[in-house]
Amino acid sequence: MPDMQMPEHFDVVIVGAGFAGLHMLHQARGLGLSARVLEAAADVGGVWNWNRYPGARCDVESLQYSYSFSSELEQEWMWTEKYAAQPEILRYIQHVADRFDLRRDITFNTRVQAAMFDERTGLWDLRTDTGLAASAQYCVMASGALSIARLPDLPGIEAFTGKIYHTGAWPHEGVDFTGKRVGVIGTGSSGIQVIPAIAKQARELVVFQRSANFSIPAWNGPLAPDVQQDWKAEYRKHRARARELGTLYEFSDKSAAQVSAQVQANEYESRWRKGGVNFVHAFNDLMVNQASNDTIADFVRGKIRAIVKNPETAQALCPTDHPLGTKRICVDTGYFETYNRPNVTLVDLKRTPISLVTSNGVRIANANANADTDTDIELDALVCATGYDALTGAVLNIDIKGIGGQSLKQKWADGPRTYLGLMTSGFPNLFIITGAGSPSVLVNMVVGIEHHVEWICNCISYLRQQGLATIDATKPAEDRWVEHVNQAASKTLFPKANSWFLGANIPGKPRVFMPYVAKIGVYRQECQQVADRGYEGFMLERGIPTSQRLKETS
Ligand code: FAD
Ligand code: NAP
């Protein structure tokens with residue numbers, strides 16, 4: 001680590017300059033606070049700056065996946081497509097940074113490595129990889145739920161002499177796959193977007209699939225100006241509904257169990273034709289009733305078999321190991337159709353696992369157990385669409401120490417523990433945006449981010465008005481919240497999938513269902529009630545909390 005400079009002091013330090021960090025900065029300024037954002041990347045944008053892979057696109061409609069805090073901004077920005085592609089979302093975030101003059105308070109190319117609560121001063125001391133140091137009364141983790149990309153642990157991968165890419169750290173200059181033999185590992189949302197795009201360019205594309213996934217067509221297209229105008233005319237009404245419901249879909253009030261197979265089929269067909277995540281809201285019991293879920297899952301498997309011409313490939317592409325929607329549903333543009341192209345091959349890793357990455361490709365075990373040779377697949381490039389250390393990864397990547405030098409990593413060794421998903425006991429004045437224990441990745445994340453920023457800013461205002469130095473979650477309130485979040489998940493089908501929602505994609509990560517499955521409106525009320533009751537379940541102190549106090553209250 002380079003020599004550290006003398007820390008510069010701020011009221012609030014914010015880690016990350018994506019949607020969350022930028023909004024937090026803007027609102028903190030509005031409160032008259034001095035604020036500094038520390039960002040590892042060279043520019044604003046967060047995931048939309050990192051994920052420049054071909055095909056990267058939002059699956060929440062553009063008019064909804066945007067900030068609501070400024071009416072002028074929402075009226076003046078014109079979206080070109082129903083679902084915006086990565087470059088357009090990045091331009092939007094850059095526009096926000098410029099329009100609100102945010103860049104002057106952001107330090108780029110600076111990764112926070114450590115954050116320590118100093119019991120003598122009551123401040124957070126942050127250390128970075130550039131030697132820059134900062135101290136602040138409040139520290140806000142806007143470091144992202146999906147910002148720590150994971151490369152697969154494959155034997156021999158370091159020996160591969162071709163290029164290796166991760167979708168979440170895509171080269172800014174782009175990649176030309178023309179004439180190349182490309183392998184893609186991973187068939188989650190990123191894989192399902194990048195595969196059709198690479199297939200159009202590469203000489204050969206080999207997709208390595210460990211688990212098949214459900215995907216719904218986006219039917220993306222240009223956003224008609226009149227549709228945009230009509231929506232904008234009613235923006236306040238739409239935003240108010242989004243604050244209750246997250247993304248606005250056609251939510252059904254009927255259960256699949258109540259209606260005939262024909263009614264189900266008609267509903268699924270009509271929603272398939274409209275496309276997008278709206279599909280999974282066809283009935284209101286799909287995420288809680290296995291038999292109902294089977295009906296929608298069967299419908300999608302039928303679609304896959306109808307689209308994919310090779311029956312063996314179609315079968316391998318049919319997900320059978322999890323209920324539909326219990327892994328993040330994917331939305332695609334021509335994904336299943338891609339397997340009808342002559343230059344695309346699917347390798348089902350459940351039948352033929354990768355035994356070795358060689359210097360010039362991938363070796364897969366032979367499907368025939370009696371055959372004594374493995375098969376070598378020669379590749380020029382390997383694209384890893386292998387996901388993220390989600391929800392907790394970015395926070396735990398930082399060496400965070402709270403009262404008494406307690407390490408957050410140790411505290412969360414058996415899974416994340418938060419109160420309201422916003423704070424964790426023993427770490428006063430440390431706020432987390434869209435962290436574990438909040439709806440986070442289960443809703444339109446911009447809606448979740450705005451809610452968290454509002455709550456944090458109201459909380460800081462309250463502390464200041466009351467002359468309070470710190471806020472810290474109590475352990476009993478945190479324990480009750482963790483139990484509440486677990487209970488909520490256990491009433492759904494979500495725990496049935498080995499998903500990143502419960503850390504199953506990271507070897508050794510504790511299996512805990514991390515997001516809170518309640519509707520965001522319910523969650524907002526819960527957070528509001530806590531605030532209205534004088535921050536019930538939190539300890540508010542005029543002085544600086546010490547390790548002695550921690551012992552007394554734990
Ligand atoms: P991020 O955008 O992840 O920003 C966090 C920032 O923190 C990053 O710039 C990172 O570099 C920085 N950072 C992290 N750690 C440190 C550190 N230690 N020091 C300094 N800086 C640090 N959500 C939806 O609701 N709808 C979608 O359609 C959707 N599509 C997505 C598509 C992709 C490809 C991905 C990866 C995610 C998608 N998401 C989507 C989820 C997305 O994470 C959120 O919508 C939103 O962009 C998150 O914003 P953020 O600011 O919280 O986090
Ligand atoms: P992901 O959903 O975690 O998918 C990772 C894929 O890689 C899975 O298919 C996984 O298989 C596979 N994989 C991981 N390690 C592997 C290994 N060692 N060998 C073989 N296969 C391996 O990650 P993601 O696709 O990047 O998506 C993450 C989240 O980002 C999404 O769920 C979504 O929230 C967001 N996102 C959204 C969009 C969008 O459309 N708006 C686009 C991209 C991302 P298993 O399933 O078997 O683990």
Side-chain angles (χ1 to χ4, degrees), residues 14-24 37-41 43-53 55-61 64-65 83-84 86 89 93 107-115 126 128-129 141-154 157 166-168 184-194 208-213 215 218 246-247 277 319 321-322 327-332 349-350 353-354 384-388 390 393-395 397-398 433-435 440-449 452 497-501 504-507:
I14 300 157
V15 183
F19 266 103
L22 294 187
H23 187 38
M24 186 65 216
V37 176
L38 302 174
E39 168 56 60
D43 199 0
V44 298
V47 303
W48 302 105
N49 179 47
W50 290 103
N51 283 263
R52 295 171 185 240
Y53 61 85
R57 185 179 292 288
C58 199
D59 65 10
V60 171
E61 291 187 18
Q64 298 193 46
Y65 189 76
Y83 298 105
Q86 171 272 331
I89 303 175
I93 303 179
T107 308
F108 293 108
N109 299 307
T110 302
R111 185 169 284 282
V112 176
Q113 294 181 316
L126 284 89
T128 69
D129 61 351
M141 292 294 153
S143 45
L146 294 160
S147 58
I148 303 297
R150 286 282 306 188
L151 282 168
D153 257 346
L154 294 171
I157 195 160
H166 191 288
T167 46
V184 174
I185 304 179
T187 49
S189 299
S190 303
I192 279 175
Q193 287 186 331
V194 83
F208 298 94
Q209 171 190 275
R210 187 164 71 183
S211 311
N213 235 321
S215 186
T247 319
V277 178
D321 65 352
H322 64 281
K327 284 185 172 182
R328 173 67 151 67
I329 193 82
C330 302
V331 174
D332 70 274
L349 297 179
K350 292 233 162 91
I354 294 173
C384 299
T386 42
Y388 298 87
V395 173
N397 237 16
I398 302 172
I433 299 186
T434 63
S440 182
V441 290
L442 297 180
V443 294
N444 174 349
M445 288 201 74
V446 183
V447 174
I449 285 167
H452 272 183
N498 282 326
S499 68
W500 58 258
F501 295 144
N505 62 328
I506 308 287

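The chain is numbered in sequence order, starting from 1. For ligands, and for the atoms within them, numbers begin at 1 and follow the listed sequence.
By the ring-ring contact (aromatic ring centres under 6.0 Å, His included) test, F501 pairs with F494, F513, sequence neighbours left out. Residues passing the salt bridge (charged side-chain N to carboxylate O under 4.0 Å, His left out) test with R150: none are found, sequence neighbours excluded.
Closer than 4.0 angstrom to ligand 2 lie heavy atoms from Y53, R57, C58, D59, L146, P152, I185, G186, T187, G188, S189, S190, Q193, R210, S211, K327, R328, L349, A385, T386, G387, Y388, W500.
In this structure the side chain of F108 reaches within 4.5 angstrom of the side chain of V44, judged on heavy atoms. At a threshold of 4.5 Å between non-hydrogen side-chain atoms, the residues M445 and F19 do not count as touching. At a threshold of 4.5 Å between non-hydrogen side-chain atoms, the residues V15 and E39 do not count as touching. You'll find the side chain of N213 reaches within 4.5 Å of the side chain of K327, heavy atoms only. S215 places none of its side-chain heavy atoms less than 4.5 Å from the side chain of I329.
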At less than 3.5 Å, what protein N or O atoms come close to the N or O atoms of ligand 1? Include the distances to 0.1 Å.
| residue | atom | partner | partner atom | Å |
| --- | --- | --- | --- | --- |
| ligand 1 | 2 (O) | V47 | N | 2.9 |
| ligand 1 | 9 (O) | E39 | OE1 | 2.7 |
| ligand 1 | 9 (O) | E39 | OE2 | 3.0 |
| ligand 1 | 11 (O) | E39 | OE2 | 2.6 |
| ligand 1 | 11 (O) | W50 | NE1 | 3.1 |
| ligand 1 | 18 (N) | V112 | O | 3.0 |
| ligand 1 | 19 (N) | V112 | N | 2.9 |
| ligand 1 | 21 (N) | A40 | N | 3.1 |
| ligand 1 | 25 (O) | M445 | N | 2.8 |
| ligand 1 | 28 (O) | D59 | N | 2.8 |
| ligand 1 | 28 (O) | D59 | OD1 | 2.9 |
| ligand 1 | 45 (O) | Y65 | OH | 2.5 |
| ligand 1 | 47 (O) | W48 | NE1 | 3.4 |
| ligand 1 | 47 (O) | Y65 | OH | 3.1 |
| ligand 1 | 51 (O) | F19 | N | 3.1 |
| ligand 1 | 51 (O) | A20 | N | 2.9 |

Pair M141, I14 - check side chain to side chain contact (heavy atoms under 4.5 Å, CB included), show working.
CA-CA 6 Å; M141 292 294 153; I14 300 157; over 6 Å; no
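For the pair D59 and R328, the salt-bridge criterion is met [side-chain N within less than 4.0 Å of a carboxylate O].
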